[in-house]
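Contents: one structure, followed by commentary.
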Amino acid sequence: MAEAIETAKVSSHLHPEGSFDVDAHVVPTGREEIWRFTPLKRLRGLHADAALDGTTVGAEFDAPEGVVVERIAADSERRGSSGFVPRDRIAVRAWHGAATAYAVTVPKETVLDQPVVIDLTGTSVEGASATHVVVTAEAHSKATVVFRYAGSATLADLAEFVVGDGAQLTVVNIDDWADDAVRAGTRHAQVGRDAEFRHVDVTFGGDVVRHDTTAEYAGPGGSVEMLGLYFADEGQHIEHRLFVDHTAPHTKSHVVYKGALQGEGAHTVWVGNVLIRKVAEGIETYEENRNLVLTDGCQADSVPNLEIETGEIEGAGHASATGRFDDEQLFYLRSRGVAEDEARRLVVHGFFNDLIRKINVPQIEEKLVATVEAELAKNVLKGLD
Amino acid sequence: MSTLEIKDLHVSVDTEDGAKEILKGVTLTIKGGETHAIMGPNGSGKSTLAYSIAGHPKYTVTAGTVTLDGEDVLAMSVDERARAGLFLAMQYPVEVPGVSVANFLRTAKTAIDGEAPKLRTWVKDVNTALEQLDLDASFSQRSVNEGFSGGEKKRHEIAQLELLDPTFAVLDETDSGLDIDALKTVSEGVNRFRAKEDRGVLLITHYTRILRYIQPDFVHVFVAGRIAEEGGPELAEQLEAEGYDKYTKVRA
Ligand SMILES: Nc1ncnc2c1ncn2[C@@H]1O[C@H](COP(=O)(O)OP(=O)(O)O)[C@@H](O)[C@H]1O
Ligand SMILES: [Mg+2]
């Protein structure tokens with residue numbers, strides 16, 4: 001697989017000013033840096049002026065004892081408590097349009113042994129909707145929250161994560177949409193002193209799924225791990241934009257996203273931005289994106305950006321690689337009698353395996369392996385010439 | 001008795017300046033029960049011969065035949081060749097990230113046999129094979145060849161040879177880069193394979209050292225894409241004493 005380690009490129013787009021004023025965010029034309037990869041025409045107006053009053057996405061919460069789930073008012077001060085400020089038009093519209101907002105709170109020092117599961121299920125693409133969920137893991141708590149998205153929908157949603165001092169929060173997001181769903185998700189995490197935030201993005205379904213995920217630190221010693229696994233089929237657009245803002249010293253970030261693409265018009269985008277501010281001395285950061293192109297007619301865009309404002313860092317690196325099936329790997333497996341389709345399957349499983357192991361949420365691991373298997377059955381085996 | 005027959009094999013590779021012929025007419029017959037050593041200097045085309053027998057897509061056969069018990073090997077796909085009874089221990093085994101040795105071995109065995117191995121005996125067989133090659137039991141949970149030392153890769157190849165149990169094995173410089181202990185371990189594995197009924201070995205090597213542990217029946221000196229001389233084990237001793245100079249000089 002071709003390896004392209006880019007040298008650090010300073011980008012001025014890493015920290016655009018946010019605003020709660022809708023009019024401060026003009027309707028994008030598609031030429032803007034943050035929109036240049038997105039098929040705006042397929043967003044059903046989410047980025048423009050489509051009303052967000054749809055009621056076709058239902059939310060169900062399954063929370064273990066000790067967790068508090070509440071409906072919160074539009075003007076609740078819980079909203080925005082992560083320091084979130086909308087940085088694009090979809091996000092600001094979702095902020096004002098969210099008909100329902102929820103707060104999930106894991107109280108101080110509470111340690112959960114079962115995940116909180118939030119199911120968001122759409123029943124129609126008609127009538128765009130917006131939702132907002134604020135998850136707070138109070139100081140020294142430990143929790144896993146799983147968001148599962150399924151069905152048909154046109155959705156702009158916000159999620160905030162407030163990770164208290166010394167808390168450990170793992171969030172798993174699974175986009176298992178029907179083929180016609182459009183979702184633009186905006187997430188923001190604020191990571192407390194010595195806290196650990198893990199965010200896992202698993203993206204399979206949908207017509208267009210675009211995610212904007214950002215993290216900042218409220219104190220020193222915090223760590224962020226962002227893992228992603230995506231699988232784009234024919235005609236599907238999956239986009240992940242990440243921004244880790246090292247706003248405090250001795251913080252860490254580790255980002256690994258892996259994707260596979262198959263079928264005509266499958267398009268994935270990964271933009272990984274890391275900003276190391278002047279105050280952020282002694283930080284460590286690493287980001288990586290790998291794409292495996294399984295058939296002709298796919299496109300994987302991968303853009304790592306590292307902007308460094310201080311010289312005092314422990315370590316910073318990034319890697320990005322997009323490749324086809326490795327012929328040598330296939331040859332090796334086949335020389336042991338393994339038929340070509342099975343060899344391809346093994347290679348793809350292998351590609352995702354270490355990532356799946358790293359996710360380390362047993363409740364979803366089996367489902368993930370099964371989903372990868374189902375995706376492979378669709379096309380990889382058909383892709384043989 | 002099984003027979004692997006290579007006749008007048010010509011093979012070329014694509015280069016920037018067009019096709020380049022590497023094998024220039026190789027003829028060689030290996031029968032079950034025989035071990036043939038192929039010895040030759042670097043770049044003489046030994047690996048090309050090994051890969052061509054296995055069917056690597058990089059190499060184009062432009063003339064000649066390869067048959068296994070009369071069946072046209074060149075018409076078979078890579079995996080068909082393996083299932084027909086051919087095995088290649090590679091000079092540079094390939095890393096397959098994320099695929100465990102255990103999974104790999106089980107998948108390969110299932111493919112070769114056409115059915116999944118019996119679980120209980122299989123686990124035992126794998127453990128025995130690994131143990132005999134001085135590979136720790138934890139080895140089966142590692143990704144195929146990933147992060148293996150050079151010696152571990154070679155020992156892993158021979159463990160596969162024993163577990164998959166082909167009819168003909170081509171060993172491409174399995175001895176290169178091994179220390180003396182590993183060399184003995186690997187040789188013992190090859191000798192266990194040879195001791196079975198009707199198995200043939202094509203042992204490709206650059207050095208005579210391994211021939212002290214694996215006695216060949218025939219030695220072929222390979223130079224510039226051809227067999228330059230053939231003989232019995234005594235030819236290896238002669239090479240040990242005189243090196244390849246005589247053959248390469250003749251060419252020049
Ligand atoms: N893909 C290739 N492109 C160009 N030359 C090649 C290629 N593969 C092999 N060769 C050349 O073919 C010759 C034989 O190589 P090889 O079979 O690896 O030799 P050996 O195994 O005996 O060292 C060498 O000169 C090598 O440079
Ligand atoms: Mg060689």
Side-chain angles (χ1 to χ4, degrees), chain A residues 1-3 227-229 231 256-260 288-292 294 319 321-360 365 368-369 372-373 375-376 380-381 384-385, chain B residues 50-59 76-115 141-147 153 156-157 159-161 163-166 169-170 172:
Chain A
M1 200 171 287
E3 198 97 5
L227 304 175
L229 186 165
F231 214 125
V256 181
Y257 271 62
K258 283 187 165 189
E288 175 181 332
N289 174 230
R290 287 179 197 281
N291 295 292
L292 187 54
L294 303 177
T322 295
R324 299 189 148 260
F325 268 117
D326 183 328
D327 287 339
E328 295 301 325
Q329 288 179 6
L330 288 178
F331 173 72
Y332 188 73
L333 296 169
R334 295 182 66 196
S335 78
R336 269 53 178 154
V338 181
E340 185 167 5
D341 56 353
E342 181 77 11
R344 284 171 180 256
R345 210 198 315 247
L346 269 181
V347 169
V348 177
H349 272 292
F351 177 72
F352 284 127
N353 251 349
D354 56 337
L355 188 73
I356 291 177
R357 272 196 297 247
K358 240 189 241 155
I359 290 172
N360 199 20
E365 194 166 316
L368 277 186
V369 172
V372 169
E373 188 65 40
E375 287 290 333
L376 285 175
V380 174
L381 312 181
L384 305 179
D385 356 275
Chain B
Y51 277 129
S52 302
I53 296 170
H56 193 293
K58 201 171 85 179
Y59 301 92
M76 299 179 197
S77 68
V78 176
D79 42 292
E80 281 169 348
R81 296 178 197 205
R83 294 196 294 273
L86 296 176
F87 179 86
L88 169 61
M90 290 183 207
Q91 185 175 0
Y92 303 108
V94 181
E95 297 182 2
V96 191
V99 176
S100 71
V101 168
N103 186 12
F104 166 64
L105 292 175
R106 190 173 7 86
T107 306
K109 185 68 176 171
T110 304
I112 298 271
D113 288 1
E115 58 176 357
Q141 292 317 311
R142 294 172 65 183
S143 289
V144 172
N145 294 321
E146 197 179 42
K153 284 184 183 166
H156 179 223
E157 294 290 285
Q160 292 172 53
L161 167 68
L163 286 165
L164 301 180
D165 196 22
V170 178
D172 189 5

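Below, chains carry the letters A, B, ... as their sequence lines are ordered, and counting in each starts from 1.
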Testing the basics here: between Gly337(A) and Ile112(B), what is the closest heavy-atom pair and its distance to 0.1 Å? CA-CD1, 4.0 Å
Please name the pair of heavy atoms, one in Val78(B) and one in Ser335(A), separated by the smallest distance, quoted to 0.1 Å. CG1-N, 3.5 Å
How long is the gap from CD on Glu80(B) to CZ on Arg334(A), to the nearest 0.5 Å? 8.5 Å
How long is the span from the NE2 atom in His56(B) to the CD atom in Glu328(A), to the nearest 0.5 Å? 3.5 Å
Can Arg336(A) and Glu157(B) be counted as an ion pair, charged N to O under 4.0 angstrom? yes
Any idea which of Ala54(B), Ser143(B), Ser77(B), Gly98(B) has the most non-hydrogen atom pairs under 4.5 angstrom with chain A? Gly98(B)
May I ask you to decide if the ring planes of Tyr332(A) and Phe104(B) are parallel, tilted or perpendicular, using 30° and 60° as cut-offs? parallel
Find out whether Leu346(A) and Val96(B) are in side-chain contact, i.e. whether some heavy atom of one side chain is under 4.5 Å from a heavy atom of the other. no
Residue Pro166(B) versus chain A: region with a heavy atom under 4.5 Å: neither
